[in-house]
Amino acid sequence: MQTAVFPTSLGEFVIGWTDAGICRLLLPDSDPDRLRQQLGGEPADPPPNIADAIALIQRYADGERVDFASVPLDITSLPEFHRRAYALLMELGYGETTTYGAMACQLGDVGLSRAVGHAMGANPIPLIIPCHRVLGANGSLGGFSAPGGGDSKRRLLLLEGARTSAAPAAQLALDF
């Protein structure tokens, strides 16, 4: 895996890729050096397809409505259930949300809600695979394993103009 760090309006991201596509993305943290160490890999200049993905992420961070559907991903080593859940999740558009239960039903059984939550928590490519768009049954934020936890999830949803049960989007504060 090769890696690069790049700046955005939200902070520095760390991206990892193989010849097949992006396999890791780490959201900004207060300690970018810790993120670099966490990801490992070999620092490199991104090839054109990865540079294009970085440009999309930067535009997203600037508040532009972005579709990541064309971004090449390498998720072949992930469990089959996770790949199915991520494929379903990537059908959601910018600013749209769903629930763990709704995803579980679409994947075959409402009893899979915890498995959906586990897949979201294990997502190696947050933002591009938009696990931040999955909410609790009552519209609550639920968990978010990326740096910043629920605050980061709330910021991404606010950036997209999505609503949660916590408060209408207009009432949430931006603290980037």
Side-chain angles (χ1 to χ4, degrees), residues 1 8 10 13-28 39 49-50 52-61 63-169 172:
M1 174 178 65
T8 75
L10 298 173
F13 280 71
V14 182
I15 193 168
W17 68 91
T18 66
D19 289 340
I22 296 170
C23 57
R24 293 294 309 270
L25 183 67
L26 299 180
L27 301 182
L39 189 58
N49 63 336
I50 303 302
D52 290 346
I54 289 171
L56 283 175
I57 295 167
Q58 290 170 323
R59 289 173 35 208
Y60 174 93
E64 188 175 326
R65 186 180 189 102
V66 170
D67 180 1
F68 292 110
S70 65
V71 172
L73 302 179
D74 182 357
I75 59 173
T76 55
S77 66
L78 300 180
E80 188 265 336
F81 180 81
H82 290 203
R83 291 192 314 268
R84 286 181 42 225
Y86 299 155
L88 180 63
L89 183 57
M90 291 184 72
E91 294 175 9
L92 280 180
Y94 184 94
E96 295 178 355
T97 59
T98 190
T99 65
Y100 298 98
M103 284 190 66
C105 287
Q106 288 180 285
L107 291 165
D109 183 350
V110 73
L112 295 172
S113 294
R114 287 182 189 249
V116 169
H118 177 72
M120 296 305 109
N123 179 3
I125 313 170
L127 186 62
I128 294 173
I129 299 174
C131 56
H132 63 280
R133 296 179 184 157
V134 184
L135 305 174
N138 62 357
S140 64
L141 291 179
F144 196 57
S145 59
D151 288 338
S152 291
K153 185 172 187 172
R154 183 178 293 110
R155 287 183 185 126
L156 294 175
L157 291 169
L158 176 60
L159 186 67
E160 295 181 17
R163 295 179 183 265
T164 69
S165 68
L172 297 174

Sub-4.5 Å side-chain heavy-atom contact between Leu112 and Phe81: yes

Partner set under salt bridge (Lys or Arg N to Asp or Glu O under 4.0 Å) for Arg83, not counting sequence neighbours: none

Residues that Phe13 engages under ring-ring contact (aromatic ring centres under 6.0 Å, His included), provided they are two or more places apart: Phe6

Chi angles and distances behind the side chain to side chain contact (heavy atoms under 4.5 Å, CB included) call for Ile57, Ile128: CA-CA 8 Å; Ile57 295 167; Ile128 294 173; 4.0 Å; yes

Separation of Met1 CE from Ile15 CD1 (nearest 0.5 Å): 11.0 Å

Met120 CE to Leu89 CG distance, which is reported to the nearest 0.5 Å: 5.0 Å

Spacing of Arg24 atom CZ and Thr18 atom OG1 [to the nearest 0.5 Å]: 13.0 Å

Least distance between heavy atoms, Asn123 atom then Cys131 atom: ND2-SG, 3.2 Å

Reported CD1-to-CD1 distance for the pair Ile75 and Ile22, which is rounded to 0.5 angstrom: 11.5 Å

Interatomic distance, Arg133 atom CZ to Leu157 atom CG [nearest 0.5 angstrom]: 8.5 Å

Minimal non-hydrogen separation, Gly21 against Ile50, with atom names: C-CD1, 4.4 Å

Pairwise side-chain hydrogen bond (donor to acceptor under 3.5 Å, both in side chains) hits with a residue in residues 104-119, at least two apart: none

Lys153 (side chain) donor-acceptor with Leu135 (main chain) under 3.5 angstrom: no

Shortest non-hydrogen separation from Tyr94 to Leu159 and the atoms involved: OH-O, 3.2 Å

Distance (rounded to the nearest 0.5 Å) between Asp151 CG and Leu156 CG: 11.0 Å

Closest approach of Val110 to Cys105 (non-hydrogen atoms, all atoms of both residues): CB-SG, 3.6 Å

